[in-house]
Structures are given as C-alpha cells and as structure tokens.
Number of protein chains: 2
Amino acid sequence: MKNTVQLTVDAVVFGYEAGNISVILVKRKYEPYKNAWALPGGFVLENENLEQAVERELSEETGVKINYLEQLYTFGDLGRDPRGRVVSVAYFGLVKPNAFKLQASTDAEQAEWFPINTLPKLAFDHKKIFKIALERLQGKITYEPIGFELLDKKFPFSDLEKLYATLLGREIDRRNFKKKITSLKVLDELDEKVSKGRGRPGSLFSFNQKRYFELKKEGIIFEI
Amino acid sequence: MKNTVQLTVDAVVFGYEAGNISVILVKRKYEPYKNAWALPGGFVLENENLEQAVERELSEETGVKINYLEQLYTFGDLGRDPRGRVVSVAYFGLVKPNAFKLQASTDAEQAEWFPINTLPKLAFDHKKIFKIALERLQGKITYEPIGFELLDKKFPFSDLEKLYATLLGREIDRRNFKKKITSLKVLDELDEKVSKGRGRPGSLFSFNQKRYFELKKEGIIFEI
DNA sequence: CTATATTTGCGTAAATAGTACGCATAATAT
DNA sequence: ATATTATGCGTACTATTTACGCAAATATAG
C-alpha cells in the first residue's frame, strides 16, 4: 500500500443580485479553525466521485441549488491543513438569485452570502482558493457567454449590463453592449415590461438556451 | 483518521519539431498495464508538493527538461485505477526542441516521443487526460502567445507560422499572420539569416521575453 | 400641472482590425 | 538560363469596435 493522503473538495459559489457579486461561506463548527469562516466543502467519501462529493457537501452545508459547477484547481501544498496531508480539489459554482432565499432558512451549519469585497478572514488557504476562483469568473466573461447561470429567468437588460460592468470593474457603453449582445442572438425579448421605480420601463429578456449553449460550445470571443 | 486515497501526478508534455506536435509516453514496467504505454507520472511522496512530484517523475522517467508546466485537471472517478481509489492530478507541459535529443539517451523506463496523431493505446484513463490536454494546447493559442515555450531560441518565421497552422489544423495566410505578430512587437529580428536548402533564406527571430510575458499576463486575444 | 431627473431604446459616423490578394526577391534544382 | 520554392512587402476591401447624439417613457420635486 502506497503512501496516502486525505482528499477534500471545496466550492467557491458565486451569486449575483442587485449589482453585487457574493460568495457562500460557512462557519466552521469544529477544529481546526473552529468558528472561522470557510468555503463550503469536506472530505470525499470512498464511494463517490469528486463532483458527487461537492454536490453533497453543498447540499448538506448550504442547501443551495447549484446551477453550474466546474472544477477549478487542486491544492496540495504541504502544510495547508494542520491535520496532515490534505489535498483539496476546488470547484467553481454559479447560482441564480432565487437560490439566495434558500440559504436564509438553512442554519444547520450557518451558511451566509458575503459580497466579495467584504469577506471575513478565511480558514486554511481558502483566501487563495477564492482569489483564483474570482479570476476565473472574471476571465470567463471574455471568452464565453455568462449570465444565464447567474441571472433570473426573466430580467431587464440593465441587469445583464450591470453584471458585466461589475465583473469587468468598469463602466460599459450600454448602446454598444446591447448591439453586441443582440448580434449574438442569444436573448429573447419578452412582451412583458418592468418598471424599476423611476425611469422608462424596460422589456424583460430571457436567454435562448439553445443558442446560449451553442455559443458556449463554440467558445465565443467576447470583447466588450 | 478519515478515509484516504492514493495520489498520483501525470504529465502531458508536448514538443514541437519540423511541423509535428509530439507527446512523451513511457512504457510501463510493472502491473497494472505492464508494457502498455502511459503518460509519465507516479505517486506523490509524503514530503513533496504536487509540482515537485511531477518534476521528479518527469526527470526520473524521461530525463526531459521541462520549459513550462501548469496544472491541467484532477481525475478522481471511481474505478479509474484497478489498484483502488487513486486520484491523479494531471499537468500540462511544454518543452523546446533541444529536449528532443535528451530523451533518446534515457532508456531507464523507455520514454519516447509520439506524434499526436499516431498514439498507441494508453493505460488507465490516460487517453482522456491526453485529449483534455490537447484541447488546452489548442485553446491557449487563441488567448495568449505561445511559441516561446515550444520553439528554439532562434527560429525562422516560418517555424512559428507552421506551429500555428499545425495547432489550428488549417493553413494560415503568412502575410496577415506576420502583420499580426509584428503588431504585437513580441519578436526581435536578428541579423543572422538561415537557408533551409531551397528557397530564399529568411531572417532568424527570437522572442522578446519581456514583451512576451507582458502579453501573457494581460491575456491577449489572438484571432488568427 | 409643469419641469427635471432618470432610465430605456435607437441610430449613425469615425476609427480600428481583419481578410484577400498581387507581386518582387533570393536562394536551389534542372 | 529557367523553373521551383520560400521569404518579404504592400494595398484595397470588409467587418468589427468605439464614440457619441438624441428621442421616449416614466417618477418625483416644486
């Protein structure tokens, strides 16, 4: 029998609502790092795949319904966990706004959304994992469509625009942005209008799923 | 003590020479898959990081001097290894042509370069790992400069052109390609000329390292 | 009730980048 | 000499991106 290691999975799950990008953290119940905030995750069981492990841990610890999940990176440095050689396979997840409500009721392990610019101190090397996940999120928007996994089923165009502006960290020209998105033919304009208080009410849009996943497969290059 | 797994690293190392992209394979000496070809790799020792493990295995099994190495993906499905629960962290590597000579002398484990379109049957799920690595290689050339890690220090422009044509799997217009590369200011034209038998001799070029890594950092979008 | 602020929606001109070629030049092979 | 092969430079055409003007529909302040 060869030298063995303990294997965990951790998830960086992003959500977007009202111009804010947030991430799910859980408060640890046990040592090490008892009471510290950490990414949801835990040990992989002997009869489950890595993806199954992440989904199980997410459902146990946060109750959130994940909309998109992909492997991010594997962290295996010596000394990253005081319990010994623990290697963690990190995942990257996105959820839709309605999942925001779910977590409020789930207090089993105390899970909370934190806006990404006001994170508390994190356990283990989770700060590093989070940073890499954020880079991935920001990188993704330049080479594939994003939004379907983060926005509600129906949304005003300005929601999509704000999502991009937030992720890019700068303003974008609404008119050119709309032209670009329109040329991709990825949005369906609905008949409904919605008013957000002041200003002219706007149409609601939804993603055309077929077209959306076609684009994702092709790998669009999306220069805003 | 929690449930544990065995941890391995595997490397998909690409090299490029004379219009051919090749990958290093080693012939297995022991069961399982004795005498089958496989990606170089092996068990991670208890006192080394993942990167150290790949570099050690590569040097032990192939003697090749790796020029670039990044983590690719982690494979942890149940049943991927007959020895039990073995999780493999795969790496993606690139080497320069001069490393081609090195391996010829290293027969310890019998390591060989195989052109990527004439691979033998591979052990474990290494075919799948290879496929993902190849996609990564092909994907990389559209969003960051590539070539420095694969070409000799000095090379005629046609080498770079052929590399791109090979990776893209189609012909490219030399004149437009040169215009594009020139506009990136990433090449230094040397005074030397080189003749390849027939045809007009061409200047030798070298990558401007400073500029090259700047571009890589920015993440260019490189539509050929 | 009117004026102003706010947000959406449509359009057009200028600048930039990408594509498709033509053709001269410098070597080797016949 | 003449053909063949590979390099090198240029130019016209097309598509995409960027910058910005302005009208329309609503809420709110006075």
For atom [atom1] of [X] and atom [atom2] of [N], their distance in whole Å:
{"X": "I172(A)", "N": "dT17(D)", "atom1": "CD1", "atom2": "C1'", "result": "14 Å"}
{"X": "F177(B)", "N": "dT19(C)", "atom1": "CZ", "atom2": "C1'", "result": "15 Å"}
{"X": "L160(A)", "N": "dT7(C)", "atom1": "CG", "atom2": "P", "result": "17 Å"}
{"X": "R174(A)", "N": "dG21(D)", "atom1": "CZ", "atom2": "P", "result": "14 Å"}
{"X": "R200(A)", "N": "dC22(D)", "atom1": "CZ", "atom2": "P", "result": "17 Å"}
{"X": "D173(A)", "N": "dG11(C)", "atom1": "CG", "atom2": "C1'", "result": "12 Å"}

Value for CG (N176(A)) from NZ (K179(A)), rounded to nearest 0.5 Å, stands at 4.5 Å
Spatial distance of atom CG (D77(B)) from atom OG (S88(B)) [nearest 0.5 Å]: 11.5 Å
Side-chain touch V13(B)/W113(B), heavy atoms, less than 4.5 angstrom: yes
Test item: F148(A) and Q209(A) side chains (from C-beta on) under 4.5 Å apart, heavy atoms: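 Result yes, sub-4.5 Å side-chain heavy-atom pair found.
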So for the helix from dC1(C)-dG30(D) to dT30(C)-dA1(D), with five pairs setting each end axis, what is the inter-axis angle to 10°?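 About 10° separates the two local helix axes.
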Ignoring the backbone of N176(A), work out which of dG9(C), dA19(D), dG8(D) is nearest its side chain. dA19(D)
Per R175(B) side chain, nearest of listed nucleotides dA25(D), dG9(C), dC21(C): dC21(C)
No-hydrogen, no-angle side-chain donor-acceptor test under 3.5 Å, E149(A) and Y16(A):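 The criterion, which ignores hydrogens and geometry beyond distance, is not satisfied for Y16(A) and E149(A).
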Would E214(B) and Y212(B) count as having a side-chain donor-acceptor pair, cut-off 3.5 Å? no
Hey, can you pull the residues of residues 178-193 of chain B with a non-hydrogen atom under 4.0 angstrom from DNA chain D? K178(B), K179(B)
Output all residues satisfying ring pair (Phe, Tyr, Trp, His ring centres under 6.0 Å) with F75(B), sequence neighbours left out; order by chain, then residue number.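 For F75(B) the ring pair (Phe, Tyr, Trp, His ring centres under 6.0 Å) partners, ignoring immediate neighbours, are Y73(B).
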Mind checking ring pair (Phe, Tyr, Trp, His ring centres under 6.0 Å) for F114(A) and listing every partner two or more places apart, or none if nothing turns up?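 Here the qualifying residues are W37(A).
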Tell me, which of residues 163-171 of chain A have any heavy atom that sits under 4.0 Å from an atom in DNA chain C?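 Heavy-atom contacts with DNA chain C come from no residue of residues 163-171 of chain A; none.
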Tell me, please, which residues at least two apart from E189(A) pass side-chain hydrogen bond (donor to acceptor under 3.5 Å, both in side chains). S203(A)
Could you name each residue pair satisfying ring-ring contact (aromatic ring centres under 6.0 Å, His included) that touches residues 125-147 of chain A, not counting sequence neighbours?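 Listed once each, the pairs are F124(A)-H126(A).
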I'd like to check the salt bridge (charged side-chain N to carboxylate O under 4.0 Å, His left out) partners of K121(A); sequence neighbours left out, ordered by chain and number. none
According to salt bridge (charged side-chain N to carboxylate O under 4.0 Å, His left out), who are the partners of D173(A), at least two apart in sequence or on a separate chain? R175(A)
Got a list of side-chain donor-acceptor pairs under 3.5 Å for residues 17-26 of chain A, not counting sequence neighbours?
none

Side-chain polar contacts of residues 150-157 of chain B - donor-acceptor pairs under 3.5 angstrom, sequence neighbours left out - could you list them?
{"residue": "K154(B)", "atom": "NZ", "partner": "E192(B)", "partner atom": "OE2", "Å": "2.6"}

Which atom pairs link the protein and nucleotides 27-30 of chain D when you take only N or O atoms and keep those under 3.5 Å?
none

Ignoring backbone atoms, test whether S158(A) places a side-chain nitrogen or oxygen under 4.0 Å from the OP1 or OP2 oxygen of dT8(C).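 Yes.
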